[in-house]
Amino acid sequence: MAEREKRYRYHDRDYNRPTKKWACGHSVDGKECPLGPGERGTCRGTGECLPVKKGDRWYCTRPVSMGGECESGPGSDGACGCKLSACQPVRSLRDVRRLVGIGAAVLTVGFLLIVLGDDPYDASINAGTLTTAHSGGSLDCASCHAETSPADLVKVVDPHFLSERSFANSELCLNCHGDEIGDWVTSARFAHGWTEKVVAEKISVAKEISERDEALRPELALWIAAKGPLPTKGALGELACATCHQEHHGSDYIMTELTNQQCQVCHQNQFHGFSEGHPSFQDSGYPYSRRTRIFFDHEEHYQKHFEGSSDVVIEGFDPKQPFASGESCTHCHVSDEKGEFMKLKGYEVTCAGCHDQEAAEADRLTLFTIPALGQEGFDGQWPLAGYGLGPAGRLLLEPNTGAALFEIGVDEDFGAVALDSAEVRNVAELVAADLQQLSHEYWSNGAAVLAERIEQNGYASAEISTELFGGLSVDTVRNFLFPGIQWDLGDFSFPSLDLETMDEKLASKSRSIGAWPTQAGGALSPLMVHLLSHRPEIVSEIVMLAPFANESGGFELSNLGEADQDQIAAVEKIAWAIRELFFEMRQSGAPFLEQFESLRGGIIDLEKTEAVLSRVFYAASNDAVFLEEVEEQLSKFRSGSYPEALQKADSPVSNDQSAAGKADDDFGASEPEPAAGGDDDFGAGDDDFGASEPEPAAGGDDDFGAGDDDFGASEPEPAADGDDDFGAGDDDFGASEPEPAAGGDDDFGAGDDDFGASEPEPAAGGDDDFGAGDDDFGASEPEPAAGGDDDFGAGDDDFGASEPEPAAGGDDDFGASDSGTPEKVEDSVPKKTFRSFEPSLYDWNKTGGWHYEQQAIHYSTRGHADPVIRAWIETSVSALNSSDAIHRKNGRLILNYVLDWKKGVSTAASGKCLKCHSIDRDSTSGVYQVNWHEAYGDLAEANESSDLTRFSHIKHSIAVDCINCHVPKEGGDYADFFPARNSRRELTNPALFSPNFLPINEKETCASCHQEGLSGENCLQCHEYHSRN
Amino acid sequence: MKFKRRRLIGLLVLGVLSLLTWVVWTVCRTGMAPTTLYSGAALLSLVIFLALFNARKKIPFLPLFRASTWMQWHIYLGFFSVLLFLLHVDFRIPSGLLEIVLAIVFVIVAVSGVFGLMLSRSLPRRMNQAGDPVPYEQIPRIRKEIRDSVKDLIVHSEETCDSSTLSEFYREHLREFIEARPSVFHSFGMEKKRTSYQLTNELEARMRYLSESEIEVASELESWIGKKENIDFQEASQRLLKGWLFLHIPFSVSLILLGVAHGIFALLFGGNA
Amino acid sequence: MAEENSDALNRPKRWRVPYSEEVIGAVMDYAVVRDMLRGPLRGLAADRKRFPGDLPLSGILRHDTRVRTYKKGEVVIRQGDYGDSAFLILTGKVNVPLARLPTPSRGSRIGQKVNKFANSIAKLFRSGAPYPEMRAKDRRPEAERSHGQIIHLQDFPEFLLEGSITQFNPEFVHELTPSNDQMGEVFGEIAALSRTARTATVLAAVDETQLLEIRWQGLRDIRKFSPKWKEMIDDRYRSSSLPAHLRYAQYTSNLSRERTRPAPEDSSADDTDKGQEMISDLSHLARHTRFRSYGEFTWQSTFKEMAESGGKDLQESEPVIVKQGSIASELILVRSGFVRVTKRYNHGEKTVAYLGKGQSYGMEELYHNARLDPDKHDEKALEYAHSLRAIGHVDILAIPGPMVEANVIPQLKPAEEAELKAELARMEKERSRSSGSASSGNSNMLEFLVEQRAINGTAAMLINLDRCTSCDDCVRACSATHDNNPRFIRFGPQQEGIQLTHACMHCVDPVCMIGCPTGAIHRDAVGNQVVINEYTCIGCATCADNCAYDNIQMVAVRDKGGDFMPGSERDEDRGMVRINPEEDPIRKATKCDLCENLPTGPACANACPHDALVRVDLTKSEELFDWMSR
C-alpha cells in the first residue's frame, strides 16, 4: 500500500504544462530551474533563485520547495549563490509537430510555385495523360483550354462562369473537329449537332409524344437523372463537348463512351431497353416508306415467271426457289462498300436475261413524221401522204408556230387534217415553212440544228438535246427534210440505162455492158456515185456525165440519146464498175463497205452497217440468176472478152413462141438485136411471171406476190411479216411508190438471208438472233451460230454497258470476233443460197438506232439505258414540270403518244422504259421525276446527310437469313400500285403502295437477338450521337 | 450512451450515407451532370471540415460541441471522404503530376488516420494493463531515477558484500537494458535487446551465487527491472500515440493546400463539364 | 534577477479587504461597531477581553461583518443555497416559512446570470500568457463584486400560491425577532459553519429590517473565544434546525405537523416553543431524537496521516457508529458527512456502500422487529447487518426504536412498506447464504473511493485509462481556458483502470475552506462551486494543505516579464522591510473552478476526444457506475 501511494507523488512538482513550447534542459534530472526557459527557448536560469535587493542588501529568494534560503546566499553583485549550469532548453513534442506542420505548408507552397512558375505548356500543370489522338506534337494547353487568368477566380462564384468556360473550351475543340461535328454557332453545341431549328422541332415533337404516351414509364433512377442538373445552357440545352468527352484520363481512355441510360436522359420518352419501350418500327412501316422506284413485283416474278422456267439467266440463280425462301436474294441484291445498304446488281446482271428480249420486241418510236398537208398551195413537192406531224416534231417548231398549233388545238396527229378552215391552213403553212426553214439550216449545218431548236425552245439543256439526236445522221433525215427526193438505201441498185443507145453505140465496137436489168431503178443515185467515186479511174468517167446530172446529185442515164462516144464509154465503164461493185460487195460485204470510211457521216452511216448490208444485198440478189450471170459475165469481162448477148439470149428461149423466135432469127443469129434480145432474154428469164403480168407496175406488184408464192412454201413467216409491215404503206402509196422501192424491199429479205449465209462475222450475230426464230436455218449451220452466239453475247454485253457510241462498240466487237475466230470464219462460209424475205421489225430493233421509212423517222432502242430514249423521256417529263402550258401539253403528248405512257406503263415505247422505271410526282412540289435507279442512291444520300441510325446489312447477313427480317407478303397487291391506276395523280404518287414484304417488327425480329446477353441492346450499336451533316 | 450502441449507429449512418452518395453519384453520372465537379467540391470541403477538428481543439472555451462528438464525425466522415475520393478519381490512378501528388498525399493522410485510430483504440488498454501510467514529460526523469538507483544499488552491493556477481550481471546485461531508450516499436515487441523476462530469469539463475544480503538487492533489482520495463513500454506506446500525428497533421496541411490549388486549376481550365 | 523592488507587490494578508466592501452600500466603520457593541451585541461585548490582541473583537466585527438592510419580502437566505455567513437580527423581523420551497438548480440563481457566452468569446481575443501563472500587477476581479445581491420574494411563483407573506398561516411561519436576551437572535450559522446548504428560506418580514451578516471566519473566531456565544449557537441548533432536518429526512418527512399532542409538562430547557401547550408529532419526535457527531471537525489532517499508512488501519481509525451484530435499537439518520457501510468479510471488513446526508440506516431491522409477535419466542429480533463508520466528520440523528415504532412506522406510505419488505427478504436470503461474498460487485471500486475519500466529490474528474491516449487535450483545454495555466494534473490514484485525477472534486464538505484566513476560498454564490478569489488569497497554502486530495496547487505568480513577483512586507512593529523566504515569491492557491463562467461547463470533459474523461458526482455512486459501464 505504502509503495503504491508513493508512486503517485509525481505531482509534488508543478502542473504539467504540455502547452509550453520549451522545457528546461535540466528537467531530465528533475532539477529544472524555477524560471524555466524564455519564450524563444533561451535559458534564463542563472541560479536557483532570483535574489532581491532591499535597501543595499541582496536577499535569497529560493522557494521552500527547493530547500528554502540557501547557506551561501547571494553574492555582493546580486548573483545567486547556488548557480545553475545553463541548460539547453528542449522543444516540447507539440512544438516540434507545429514546426513540421509549418514546414509541410512551406514545402507544398514551394511545390505549387514550381508547378505554376513553370512554362504553362509544360506537363507539370497537366491534369493527366491525354489520349494518344490529342497528345500530338503541335497541341498545347491553349489549343484546348480557353485563355484564363487567376483574376477569373473571383468569377468562379458565379455559376454561369463555369459553363461559359466549358463552352469556350468546346469552341476550341472545333478548330480540329469542326468538319465532323459542324460549326459551333449553327449546330455543334446543340443536341446531335443538329441546327437550332431542328432541335426546337424535335423537342416539341418529343413533348407531344411524351404527353400522349402515358404508357412510357421510365426507370426511377433515369427519371431522377433526367430531372438532374445536366449542365446545359439555354432552352435548347446547349452542351459542352466535355460533358461527354472527358480528357486527361490516360492515353487509352475511351472518350466516346455513352451508356443507354445516358442517351435517354435528354429524351422525353425513356424506356427500359430496346426490347421494352423502344419506339416502334411499325409506326413508320419501317423499312417501307414508299413504293419501290423500280416496279418489280417479287411475288409475281417468283410465282409467274421463274416458276418452272429453266432458262432464267441470272448467274447461279435457281428459279425453283420459292418466294418465301431467302436463298436467292443475293443474286440480285448486293451490299454496298460500307455494307450498310443493299443495292441491285444492275439491269444487265439481273434483268437483261429476260427483258432484253422484251426490249428487242418493243415497237420503235416514231419520232418525226411529215405531216401530209395536201398538195395544193405548197410549191415544190410536198408529200401527199404522211403520218402527220408527230408530238416530237412539235418540239422543233418555232415558238410562235408551236403556239399557233397549240391554239387551234389540233392534237396528237397534225397531218391528215382538212385544211378547209383558213386558220388551220395558216398554221399548216406556218408549219410547212418552218419545216422547210429547218431543213435548209439542217442541210447546211447538220444535225446540231435540231438540238439547237429544242434547246432554244427550252425543252432541254444543250447536252440533253444533243442526246436527243444522238447518232442521227444527215442522210437519215434528208428525205424527211427534202420531200420528194428519193434517198434511201433502196438507191443502192442498178441504175436504169438507155440500153438501146448503149447497145447500138457499143455494138459497133463489139463491146457490151452485158445483160442489164430493165427495171433497174431510176437514176444513178448519189449513193452509187459516191460508191463508185471510190475508184479514182471511175471518177473521171463520172465527171464526163455531168450533163446528165440531176439536182439530187445523181445522174439520169435512162436516156442517152445525146450522149457522145466518150460518155457512152463512161457509162459502159460505170456499168461494169457497178457490176464489180455488186460483186465485191457480195464477196466481202461489210469489210467492203468499211472501205468507205471516208463516207462516214456523209452518205452511209456505218452505225447501221448491218441494216445497210442487208438491204444492199437484198437489192443485189433480187434475181439470183441474174447475179449468177453477173458473176460469170464479170469473169468474162475481166478476161477481156465481152459477153455475147446473142448467145446468151438463145438458150433460155428454146421452147419459146415462134413469133418472137422468127423475129429473132434473122438478126438474132447474125447480130443479136440487143434491146429485143435483152428484153426477151430478160422476159425469158422471168418467164413464169413475165407472162402473167403485162403491165410492169402491176407486174412489179404481182411479181412481188409471185415471189411470195415461190418462197411461200419454204418460209411463211417473213411473208406474213412483210404483209404486216407494208400493208399500210402499200395502200397509202399505191402507184406512187416506184417499183424499185418495192424491189428494195424484196431485195432486203433475201439479201439478209443471203448475207446471213455468206457473211459469218457481222451476220452471225444476227443470224443467231434469228436462230430462235427459225430453227431449220440455224440447224443447217451450227458453227456460225455458235460463233455468232459468242460474238453476239459479248457484243450485247458491251452494248448493254450503254456506251455513248454504240457503233464503236459494235465495231470493236466485230473486230474482236474477227481476230478471235478467223478460220472459223473461213470454213463457215456456206454454200450460197439465195432466199428472199421481208425484214421484220425484229430485225430493225436488233440493229437499233435511227432510220427513215416512208416519210417518217423512227428510232429503235439499242438496248437498256438507251441514251436517246432516256433523253426523250427526261425531256418530256421535264416538259411536264414546265410552267409553260404548251410545254406541258407537248410533254404529255410525247409521253402519251410517242412513249405511249397512257396506260401507266409504256408498251409501245421502245424498250418499255416506263414499265419498270416509275415516274414520281413530288406531293409537295408537284414535280415529276423518273426513277432511273432503285432506292439505294437516295437512301445512301439520306443516310449521309442527317440520320443518326446505322444499320449494316452485311453484318446481319452473316447471322440471319434475309427473310428473317424481310418477311415476304404472300398474295400481296404490290402490282396494283404501279400500272393501271386510273388517274395519273395516283399513278405518280409513290405514297400509294403495298410492299412485297411485311413491315419489320422490332419486337419479334430485332429484339430476338438484340437483348442483354445476346447481341446486346446498346443504343450505340444502331445509333450515333453526332449527325453527319 | 453506451459505446457499442454509438458505434452501431455511427456505422449505420456511414453505411446509409455512403449508399446514398453512391446512388446520387450513379444517377448524376447517368444525368451527365459534372460529377467530378460535385464530388471534388464535396471532398475538398469535407477535408477542410475534418481539419477544423484540430482548430476547434485550440478554442475549447467556445460552445462548439464536445470534442468527442467531433471525434466521431472525424472518424466516420473520414471514412466517408475515402469513398468520395474513390468516386472523384473514378477508381483510376490519376496521371497528372499535381494530381498524383495530391492523391498520394490524400492516401497518406487517410492511411495514417486509420492507423492512428487503431492505435488510440488498442494501445491505451495495453498500456493500462502493462502498468502504471506515466506523464510523458516525466519519463526522462524517471528513467534517470531508475538508472541512478540501480547503479547505486549495484555499487552499494559491491561495497558491502564483496562479490562481483551482481556487478557483472549489471555490466553484461542489465546496464544495456536499463540505459537503453525503447524504440517506437517496443510495444510490438520488435526489439532485439533482452526483455525483462529474460533478464529476471538470468538473475534467478545467478541466485545461487548470492549471499543473503545480495539476494535482497537482487529482488530489489527485479522490481526496478519491472519498473524499467513498464517505463519503456509506456514511453514507446506514448511515442507511437503522439508520433502518428506527425504524419497525419503535416500532410493534412499540404493536402488542403494542394486540394485548393487543384480545385482552382480545375475550375479555371475545365469549367463545369 | 530583479532590480530594486520595482514591481514588488504589497503582500496580501487577512482583512486586506473588509467584508463590507464586497457589497455595495454595506458600510462598516468603527462607529457602527461601537454602537453595535453597545446595542444588540451587548452580551458579546462582555467577552471582549477574551479575544487575543492581534485578533480583537472590534477588528473581527470591522472586517468580518457587515450591516445589511432589507425591504419587506426580500429574501435573506434561500433554502438549498450554500452560504458562508450567519445573520444577526438588529432591527425589524424575518419570517421562516415552513413550506417547502423548490431547491434552485445549481448555478442558476435567479437574477444572477453571468453572460458566460460573452466570457468565452472574450477569451478568443485574449492572447494566452507566454509564461505560466502570469498576473497583472493589481487585478481586482469584477465577478467577485456581485456578492450578496438581493432577490425578491416575487421570484418564487410557488411561494405566491400560498398568498403574500402578510397573511401567512402562523403555523407555516416561524417568526424571528430580535431577542431581548444578551445574545441577539442569530440564524444561518449552521450552514455557515458546517459548509452545508441552507435548510430554510428566510424573508424580511418588514421594511427596514437590519441584519448583521457575519462571515464564517468571523463566526468561527467569535465562537472560539466567546463561550457564551458557543453555547447559544449549539442550543439554537436543536430547537430550530433539527425539526427542519427531520422534515426532510427519509422516513420522517411524512409526519404531520399539526399541533395535536400536548406538550409534556417537563418542558426541557431546550424547549423553544413560546409557552404553547400543544406540539406537533414532528416536534415530539425531535424532542426525543438524540444528536451525535463523530470524527473531528477537521478530519483531513488525520486522514492524510492515515493515508500514508494505507487502507486497513485507515478504516480502523474511523469511529464506529453502529456495530454489526448488535441488536437494532435506533434509526440512524445521516445529517452531514459520510458514513461507510461495511460488512465483515473473512478477516477484514468489506465496504458495501456509503451513506450521505439525508440517508438513513436500520429502518428494515426496526420494521421487522416492530412486527414481531411477542408471544412467539422462536422469532428473535434482528441485529444490524452492517457496521457503520464515520468518514471524516459526521453528524447523525438517532431516533430510538420505540419512538419509531410509535410514530414513524404507523405513518409509512404503502410504497415504503413494500420496499422495506422486499429489502428484508433480500437480507434474509443473504443471511441464509454462507456469510461471505458480499453482493456488490463494485465493492473494490467503492473501497477505493471511500479510501480516497472521493465520495466527498460532487465533480470528481475520473479518467478511463482504457481509453485515454494521454493526448493531453484535456490539459490543453484547461490551460487554454485559464490563460495558459492548467488547473489540474492529469494523474492520480487508479483502480480498475479508472484514474481519480488530481483535479478539485468540489467536495460536499469542502475542508479546504477551513482555516482560510481571508475567505479567499469560498462557495461561489452563483454556481455554488468552491472557488478561490485570487485577489484576496494570501498564498498561505492552508487550503492546499487542508485538501485531502492534493488538488490545490500553490503557484508562484510571475509578472509580464516572466519573472516571479517578489513580495515585500512592511513590519509595522519594527518599522522595517523584511523578506520572509518562506513566502517568497508571491504564491497563489490554484485549483479547478469547473470553468464556472463558461457556457461549456468543464472544458476538460468537453475536450476529451476519446470519451475517457468525465466529471462525476461521487456522492451518488450510480452515476459513477453508469459511466463505468459504458
Side-chain angles (χ1 to χ4, degrees), chain A residues 7 10 16 18 23 27-30 92-93 97 100-101 103-105 107-109 111-112 115 123-129 141 145 148 150 152-153 156 159 162-170 221-222 224-231 240-244 246 248-250 259 261-262 265, chain B residues 23-24 26-34 36-38 54 90 92-101 105 132 134-138 140-145 148 223 239 242-243 245-246 249-258 260-273:
Chain A
R7 294 197 311 226
Y10 293 128
N16 295 327
S27 55
V28 181
D29 39 19
S92 72
L93 204 60
R97 201 177 76 194
V100 175
L107 282 179
T108 315
V109 171
F111 170 73
L112 286 174
V115 171
S124 53
I125 201 177
N126 184 346
T129 318
C141 303
H145 293 287
T148 183
D152 295 340
L153 262 183
V156 167
L162 292 180
S163 55
E164 294 305 338
R165 284 218 58 75
S166 32
F167 278 96
N169 293 343
S170 303
L222 201 49
I224 300 169
K227 300 275 167 281
L230 183 69
C241 303
T243 307
C244 307
Q246 304 268 330
H248 293 296
H249 289 328
T259 67
Q261 308 294 42
Q262 286 171 328
V265 169
Chain B
V23 168
V24 170
T26 32
V27 166
C28 283
R29 253 314 183 66
T30 314
M32 310 285 259
T36 19
L37 177 66
Y38 298 161
N54 198 28
D90 199 4
R92 278 190 304 269
I93 295 171
S95 44
L97 174 61
L98 179 57
E99 281 65 17
I100 213 156
V101 170
V105 169
D132 299 323
V134 188
Y136 188 73
E137 294 75 12
Q138 307 278 348
R141 215 196 77 248
I142 298 161
R143 199 189 298 107
K144 184 165 183 298
E145 274 180 12
D148 297 349
S223 77
R239 269 159 70 191
K242 298 183 186 334
L245 284 166
F246 275 71
I249 291 178
F251 273 103
S252 327
V253 174
S254 50
L255 176 62
I256 289 176
L257 290 174
L258 289 173
V260 169
H262 169 71
I264 290 172
F265 289 155
L267 290 178
L268 284 188
F269 286 97
N272 66 348

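Everything quoted here is computed from the prediction, not taken from an experiment. Each chain gets a letter, A, B and so on, in the order its sequence line appears, and its residues count up from 1.
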Which atom pair, heavy atoms only, marks the closest approach of [X] to [Y]?
X: Val100(A); Y: Pro250(B); answer: CG1-CG, 3.5 Å
X: Gly250(A); Y: Ser95(B); answer: N-OG, 4.4 Å
X: Glu137(B); Y: Pro18(A); answer: OE2-CB, 4.1 Å
X: Ala105(A); Y: Val253(B); answer: CB-CG1, 3.7 Å
X: Cys244(A); Y: Met32(B); answer: SG-CE, 3.0 Å

*Is any side-chain heavy atom of Leu93(A) less than 4.5 Å from a side-chain heavy atom of Arg239(B)?*
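The answer is no, as the side chains (C-beta and beyond) never meet within the 4.5 Å cut-off.
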*If we only count heavy atoms from C-beta on, is the Thr108(A) to Leu258(B) side-chain gap below 4.5 Å?*
yes
Non-hydrogen atoms of chain A under 4.5 Å away: do they reach the side chain of [X], the backbone, both or neither?
X: Val101(B); answer: side chain
X: Phe265(B); answer: side chain
X: Leu98(B); answer: both

*How many angstroms lie between CG in Asp90(B) and NE2 in His249(A), if you round to the nearest 0.5 Å?*
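Reported to 0.5 Å precision, the distance equals 6.5 Å.
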_Restricting to salt bridge (charged side-chain N to carboxylate O under 4.0 Å, His left out), what partner residues turn up for Arg97(A), sequence neighbours left out?_
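By the salt bridge (charged side-chain N to carboxylate O under 4.0 Å, His left out) rule, Arg97(A) matches no residue at all.
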*Under 6.0 Å from the CD1 atom of Ile100(B), do we count more than 12 heavy atoms belonging to anything else shown?*
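Atom CD1 in Ile100(B) is packed in, count exceeds 12.
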_Shorter than 4.5 Å, heavy atoms on both sides: which option in Pro94(B), Ala266(B), Pro140(B) has the most such pairs with chain A?_
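Ranked by contacts with chain A, first place is Pro140(B).
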*When heavy-atom pairs shorter than 4.5 Å are enumerated against chain B, which of Asp152(A), Leu112(A), Thr259(A), Val109(A) gives the highest number?*
Leu112(A)
